[in-house]
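Mind looking over this structure? Questions follow.
Proteins get letters first, then strands, A, B, ... in listed order; numbering begins at 1 in each.
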Protein chains: 2
Amino acid sequence: MKRKITLKQIAKELDVSISTVSKSLRNSLEIGEETRLKVQAFAKFYNYKPNNIALSLKNRKTKSIGIIIPEIVHHFFSTVINGVEQVANEHGYSVVICLSDDSFDKEVLNMEMLANGSIDGFIMSLSKETQFKGDFHHITEVINQGMPVVMFDRVTNDILCDKVIIDDKAAAYEAVQSLIDNGRKKIALVTTVDYVSVGKLRTDGYEKALLDNGIPFNEDLIIKIEDVDTCEITISELLHARAFDAVFAVNELFAVTIIKTASKMGLKVPEDLAVIAFTDGIISKYSTPSITTVSQSGEKMGNKAAKMLIERLEAEHDDDEEENENYTTEVIETHLIKRESTD
Amino acid sequence: MKRKITLKQIAKELDVSISTVSKSLRNSLEIGEETRLKVQAFAKFYNYKPNNIALSLKNRKTKSIGIIIPEIVHHFFSTVINGVEQVANEHGYSVVICLSDDSFDKEVLNMEMLANGSIDGFIMSLSKETQFKGDFHHITEVINQGMPVVMFDRVTNDILCDKVIIDDKAAAYEAVQSLIDNGRKKIALVTTVDYVSVGKLRTDGYEKALLDNGIPFNEDLIIKIEDVDTCEITISELLHARAFDAVFAVNELFAVTIIKTASKMGLKVPEDLAVIAFTDGIISKYSTPSITTVSQSGEKMGNKAAKMLIERLEAEHDDDEEENENYTTEVIETHLIKRESTD
DNA sequence: TTTCAACACTACCACGTTTTCGTAAACCAA
DNA sequence: TTGGTTTACGAAAACGTGGTAGTGTTGAAA
């Protein structure tokens, strides 16, 4: 059990000063070649690596970025992390992850914990509870301390910062339009409760597509689901009544549940019921029938978010506090992936 | 943009020494009540929080643990992270994640990066390439530096450390036995290439179950798949030949592909073909028919791994270097989740 | 002999904490 | 007054770096 070697130990061993060792390793010309090579050889032999913590303290930057997301066991969020990690790694950053579990308190706690020197900047997606409460003081605070924040997917207009989103409204519009193009008239929207920002936007797109096509907007065809488990009952009732011939589901879990329910009732997908889901995940791909989805590339969002954050971090290097806070909101394009659940 | 306040700034502002401030905040009795309260009030007002980096440097512990896994967009691994995060958070640790992308080099790089002071200990699952090469020097090195490592799922006997695994052999045995109990005679095994440790063990369990039931072990029924995309062709050929009436697939991706292929050919699952998969993920649950799986609770593994690691970290607190390295290997129980793909 | 530069290295500070040790002032007893 | 004990605080070291600013020696040019 040999602890990691430090500059001090090398200095002592070679009987030179710490600064000499430091400079030798950074190939400073101040140090004579003989000493320099001796030190380098010694350091290499003992596999010297500068201590990250000490560097962080000294440089006031940790070279790591914090991610705060509602949950990780979720295809979309894991792809985002993947995307962030790729870019972060390329730039020598590591990634610290905290989960809010969709709880406001955990989100605040985790942010405070990380903001205290552990990371250089945040990439985050708001928890449901935070969106519901509309309380963003923890984020404002972090930003006020000069720590850059990039929000993605679940964002809010109440905070000024860089953002990466998809055009939820336009994407929903496109999906619904494609259903209409296929001759569907009674299109249901299966969505979540309203306070989740994206849910609202997708509803807007749905409504607009209907109206633009002269189809009356029927409140009864909007099914708001808080818990997936209760979904099945509601759906089957409506299906029995043959209230709709197509569904636009706001996520793939809803979509697959609907398909299963319909199949049990002897309805055929897509003949009797066409289904499109938001968020392209594995379920859609491997479900039977496979589900047409509006792709939402988490990886691209992660890439972009990381790029924006790192750019801001490196720019800050000019410590003259220029404060040119020209925040941008990046919109990631989506497209429809047609599969078996639509014709 | 007010930077975070430091002890030094508080000291200057209140015209006392840094030590006085530090002690006041820790409620030391050395400091008179008046001063103490004054400092505390001031600190509270400016929302003082000790800087984590400085604390880490001083205490030589970072209160964060590193996770290295092959990939994150994978249900099993995300559940493990989830499990680790829960326990870590409870104990005031944060979680740093690095992805190896199943690459040896990235695994080494990431470990070196984190080992340099950024974290107190590792939780990891080996990359395919590492298992293939059998080169574990980076892990040995980290352990020699006195940094505890807990390995899970993809482990190796070449490294002495705490481990969390499932009894792959027994679990596979159980699955195959249940197929046999249902009257299946020609059971195929769809698995990965051999160097992935778990693949080998599952094959062993499969073989043993067959032999114990007097069923001849037929090499032709073992289908090794390196790439999921080529899977379909191989499978369909064998299905045409009606070479088997049941399949034990080593992961759910293989299983769902097999079911889809069979369905296309007009075969019914489970009547014509029973399917069991390893690893309980979302695909199995939402596939049609849903797939019987051997559950492998990633969350429990993560919980356990985190507990083991943290226990070791806190125990090390007694710096008398006792070195009682009684490493243990924890086995997480599995059980069969019966669904529609078997009768 | 003086002056100057090059050389080869060391001292010191800062980063933000915690902690050990020290000490001045006040109080008390003798 | 002396000696001792509190009380209340401060100085400084330590954790591991890296950069700036010296410092002392040597040799050579003036």
Enter the inter-axis angle for the ends of the helix from C/dT1-D/dA30 to C/dA30-D/dT1 (five pairs per end, rounded to 10°). 90°
Stepwise side-chain contact (heavy atoms from CB on, under 4.5 Å) test for B/I65 and B/I123: CA-CA 7 Å; B/I65 75 191; B/I123 291 178; 4.1 Å; yes
Tell me, with the steps shown, if A/K106 and B/E85 meet salt bridge (Lys or Arg N to Asp or Glu O under 4.0 Å). CA-CA 12 Å; A/K106 266 197 89 176; B/E85 223 262 347; 3.6 Å; yes
Rounded to whole Å, please give me the gap between CD in A/Q9 and C1' in D/dG16. 10 Å
Using the test salt bridge (charged side-chain N to carboxylate O under 4.0 Å, His left out), find all partners of B/K300 that sit at least two apart in sequence or belong to another chain. B/E333
Taking every non-hydrogen atom, the tightest pair across B/I143 and B/I159: CD1-CG2, 3.7 Å
Can you find a side-chain donor-acceptor pair between B/K4 and B/N51 that sits under 3.5 Å? no
Does a donor on one side chain sit under 3.5 Å from an acceptor on the other, for B/E299 and B/T79? no
Would you say A/K12 has more than 12 foreign heavy atoms packed within less than 6.0 Å of its NZ? no
Just checking B/F104: does its CZ atom have more than 12 heavy atoms from other residues, nucleotides or ligands closer to it than 6.0 angstrom? yes
Output the residues of residues 10-17 of chain B in contact with DNA chain C, where contact means a heavy atom of the residue under 4.0 Å from an atom of the strand; sort by number or write none. none
For DNA chain C, what residues of residues 47-55 of chain B have any heavy atom nearer than 4.0 Å? B/Y48, B/K49, B/P50, B/N51, B/A54, B/L55
Walking along DNA chain C from 5' to 3', note the first and the last nucleotide with an atom under 4.0 Å from a heavy atom of chain A, and give both. C/dA8 to C/dG16
Please check if any side-chain donor atom of B/Q40 sits under 3.5 Å from a side-chain acceptor atom of B/N27, or the reverse. yes
Is it the case that the side chains of B/D153 and B/S125 hold a donor-acceptor pair, with the cut-off being a distance below 3.5 Å and no angle test? no
Rounded to whole angstrom units, what separation is found between the CD1 atom of A/I18 and the C1' atom of D/dG16? 8 Å
With a 4.0 Å cut-off on heavy atoms, is A/S56 in touch with a base, just the backbone sugar-phosphate, or nothing at all? nothing
How long is the line joining CG of B/N116 and P of D/dC15, in whole Å? 17 Å
Which letters describe nucleotides 19-28 of chain D, given B = protein heavy atom under 4.0 Å from base, S = only from sugar-phosphate, - = neither? BBB-------
Would A/N52 and B/S118 count as having a side-chain donor-acceptor pair, cut-off 3.5 Å? yes
D/dA8 P sits how many Å from B/R36 CZ, rounded? 9 Å
Would you kindly say whether A/S103 and A/S100 are connected by a side-chain donor-acceptor distance under 3.5 Å? no
B/M124/B/V149 under side-chain contact (heavy atoms from CB on, under 4.5 Å): CA gap, chis, key distance, verdict: CA-CA 8 Å; B/M124 67 180 302; B/V149 173; 4.2 Å; yes
Atom NZ of A/K8 to atom P of D/dT17: distance rounded to whole Å? 10 Å
Between A/M308 and A/T328 the two heavy atoms that sit nearest each other are CE-OG1, 3.1 Å
Test side chain to side chain contact (heavy atoms under 4.5 Å, CB included), reference B/T156, set B/M151, B/Q131, B/K163, output is B/M151
What heavy-atom pair brings A/F42 and A/E13 nearest, and what distance separates the two atoms? CZ-CG, 3.3 Å
